[in-house]
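Below you'll find the structure, written out as structure tokens, and then a few comments.
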2 protein chains.
Amino acid sequence: MTLTELRYIVALAQEGNFSRAAEHCSVSQPTLSVAIARLEDEFGVQLFERGKGFVSPSAVGLKVVEQAKLALGEAEKVRQVAMRGRDQLEGPLRLGVIHTIGPYLLPQLIHSLKEVAPAMPLAIEENMTANLAEMLHDNEVDVVIIALPFDVPGVLTRAIYDESFKVIVPRGHPWENREWIAPEDVAGDEVLLLKAGNCFRDQVLGACPQVSSPETDIRLGHSIGTIRCMVASGLGVSVLPESALGHPYSNDMISVIPFKEPAPARRVALAWRPGFVRPKAIEALLDAVRGLSSPAYRLLV
Amino acid sequence: MTLTELRYIVALAQEGNFSRAAEHCSVSQPTLSVAIARLEDEFGVQLFERGKGFVSPSAVGLKVVEQAKLALGEAEKVRQVAMRGRDQLEGPLRLGVIHTIGPYLLPQLIHSLKEVAPAMPLAIEENMTANLAEMLHDNEVDVVIIALPFDVPGVLTRAIYDESFKVIVPRGHPWENREWIAPEDVAGDEVLLLKAGNCFRDQVLGACPQVSSPETDIRLGHSIGTIRCMVASGLGVSVLPESALGHPYSNDMISVIPFKEPAPARRVALAWRPGFVRPKAIEALLDAVRGLSSPAYRLLV
DNA sequence: TCTCAGCTATAGGGACTAACTATGGCCGCT
DNA sequence: AGCGGCCATAGTTAGTCCCTATAGCTGAGA
């Protein structure tokens, strides 16, 4: 039984005549004749009665033809579903993002993406780099936004922007009025850090070699928001990426001091599997990044 | 797009692995591989993402696979419908029958047929011979029960029984106590006949050559039942087939007198198109006739 | 009665395709 | 480095699907 044969019996039932049915199917009359005979043989039932001046479905044939119409309809829907899905910018995109980027970039990015690909909503997974790498590999997300380096074998990356780090200190701190701070100045155990596993923590440690890992959890924050609050309450100083400072540096309990040039920075990138079936979705994301307006992002695209 | 290809993508989505999916479909791995690629090419959409350690449906692929399952289900139902219909004794049989047989034979025949083919109900068309011939030809009925001769080209017939004709007269009629009546005795315009078009009328005219066609409608009956009433009310005499006399000659307003041997009779037969797709249904009808118990039918089968 | 037209079934040939085996490339694991 | 699992490609074969040509049948009309 093939879809073609089903089309043949439906046409024959409609036309009541082998020749016209064949014409309707754009095949020759013997082709249709043989196909019907083959199907009847396969089923072991005579589907049509060939009479003197007519061809008409038997009792069984009538039921079979009706069911065949249903089957052909469902089959046609398969094609339609596939065709509708040809637009790679339709349907949700599963986006992974690290904690230190998501809350600050995504509000703007989503807004920008709406212009580029209005039919492609984002399903967002916020997690740490290592977990995102695994999820990307296991096909649980389609694209991730992380900070470089992101050395995962078999994954494509594309840098999208750089952003500087800045020092934040509580109001009244001795550094409050300095024009800049050298990375080496950031030292000692009054520096608040994110908990282990956050890549931004490692980047700070790399940029400011004098910082010592605090021995107690008291100087570790779960998120950048927590760190800001801890700094504002006078627990210590910290280092944040520029995009996380809020615009325009709104919290009046903390002061923001730039690093001495060249300031430490991080490079943010997209990453995806090379086999990902919707490359245009990646392009759309890049376009959305190009549409970002905040000066915190030094675009690379 | 073929049903086979749909089976392939469903299997691949289930197994997540080309080799296992191919095994599941009892084909080689390259076969499945090229079939999937062909389908993706036809649709213009990538249905599966081939990753390092996995094969998984894309967003479109997922929808397509779901729809493919529906289509395959409907296609399988086609086969089931056909298979269920293999029993020729299932489903209604369209039976045509003439007015002078139907009301007397069918009650018994239906009862008998229930034993032989319980799943084959009769859809009954009662009409005159000429119309039944046309309906048989036009495939509006499957089988007809008529009185021979039934010379319709391209139709098969099989005699099933003979039944004698009998004379009926009203109580008090001079013939009431005769042992038999010769066909030639039935004469004159006191003989009631069916209206033109009923084959039984012609058979009576053939059997009793002295009978003249009445010039007025007053001596014509629409049905055998009407004729009986007219005889009972004293309007005249008539000739009926034995099966129409009622059992056991119940009407006490009329008397039944046999013809002199050899009594005129009619031969009743089945007729069907030679191409009819359910020969076993004919056999079942014949079996049902064999099961008739009334002495009115001298069975020929 | 003969012929013609319309219809379906059959025969024979050709092109396509869908299947196979064999093999190559890639990656991860030992 | 070697091995095994996995998918893609190449080349071949067998099957089948469709075509043209034609035969057989029937009904209509000359």
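Below, chain A is the first sequence line, B the second, and so on; all start at residue 1.
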Short side-chain N/O contact from [X] to OP1 or OP2 of [N], under 4.0 Å:
X: B:S28; N: C:dC20; value: yes
X: A:Y8; N: D:dC17; value: no
X: B:S19; N: D:dC7; value: yes
X: A:N17; N: C:dG6; value: no
X: B:R50; N: D:dC6; value: no

Show me the side-chain donor-acceptor pairs of residues 146-162 of chain B shorter than 3.5 Å, one per line, residues at least two apart or across chains.
residue: B:D162; atom: OD1; partner: B:R267; partner atom: NE; Å: 2.8
residue: B:D162; atom: OD2; partner: B:R267; partner atom: NH2; Å: 2.9

For residues 27-36 of chain B, which side-chain donor-acceptor pairs fall under 3.5 Å, sequence neighbours excluded?
residue: B:S28; atom: OG; partner: B:T31; partner atom: N; Å: 3.4
residue: B:S28; atom: OG; partner: B:T31; partner atom: OG1; Å: 2.9

Whole-Å distance between D:dC18 C1' and A:R7 CZ? 15 Å

Angle between the two end axes of the helix from C:dT1-D:dA30 to C:dT30-D:dA1, five base pairs per end, rounded to 10 degrees?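 One end axis against the other gives 0°.
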
Review item, side-chain donor-acceptor pairs of residues 3-12 of chain A, under 3.5 Å, at least two apart:
residue: A:E5; atom: OE1; partner: A:T2; partner atom: N; Å: 3.0
residue: A:E5; atom: OE2; partner: A:R38; partner atom: NE; Å: 2.8
residue: A:E5; atom: OE2; partner: A:R38; partner atom: NH2; Å: 3.3

Residues which pass ring-ring contact (aromatic ring centres under 6.0 Å, His included) with A:F18, listed by chain and number, not counting sequence neighbours: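 Once residues adjacent in sequence are excluded, A:F18 has no partner under the ring-ring contact (aromatic ring centres under 6.0 Å, His included) criterion.
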
Check ring-ring contact (aromatic ring centres under 6.0 Å, His included) between A:F200 and all other residues, then give those that pass, not counting sequence neighbours. A:F165

Quick check on DNA chain D: between A:E5 and B:V55, whose nearest nucleotide comes earlier from the 5' end? B:V55

Enumerate the residues from residues 31-41 of chain A whose closest heavy atom to DNA chain D is under 4.0 Å, giving them by residue number; use none for an empty result.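 A:T31, A:R38 - these, ordered by number, are the residues of the stretch whose heavy atoms sit under 4.0 Å from the strand.
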
Who are the side chain to side chain contact (heavy atoms under 4.5 Å, CB included) partners of A:E23, not counting sequence neighbours?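 With neighbours one apart ignored, the set is empty.
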
Can B:E40 and B:R50 be counted as an ion pair, charged N to O under 4.0 angstrom?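 So B:E40 pairs with B:R50 through a salt bridge.
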
Any salt bridge linking B:R273 with A:E49? Criterion: basic side-chain nitrogen under 4.0 Å from a carboxylate oxygen.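 Yes, charged N to carboxylate O under 4.0 Å.
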
Side-chain donor-acceptor contacts of residues 62-73 of chain B below 3.5 Å, not counting sequence neighbours, with atom names and distances?
residue: B:E66; atom: OE2; partner: B:K69; partner atom: NZ; Å: 3.4
residue: B:Q67; atom: NE2; partner: A:E74; partner atom: O; Å: 3.1
residue: B:Q67; atom: NE2; partner: A:E74; partner atom: OE1; Å: 2.7

Among residues at least two apart in sequence or on other chains, which ones pass salt bridge (Lys or Arg N to Asp or Glu O under 4.0 Å) with B:R266?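 B:R266: salt bridge (Lys or Arg N to Asp or Glu O under 4.0 Å) contacts with B:E163.
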
Please identify each residue that fulfils salt bridge (Lys or Arg N to Asp or Glu O under 4.0 Å) with B:E126, with sequence neighbours left out. none

Quick one: what's the B/S/- string for nucleotides 22-30 of chain C, heavy-atom cutoff under 4.0 Å, read 5' to 3'? B----S---

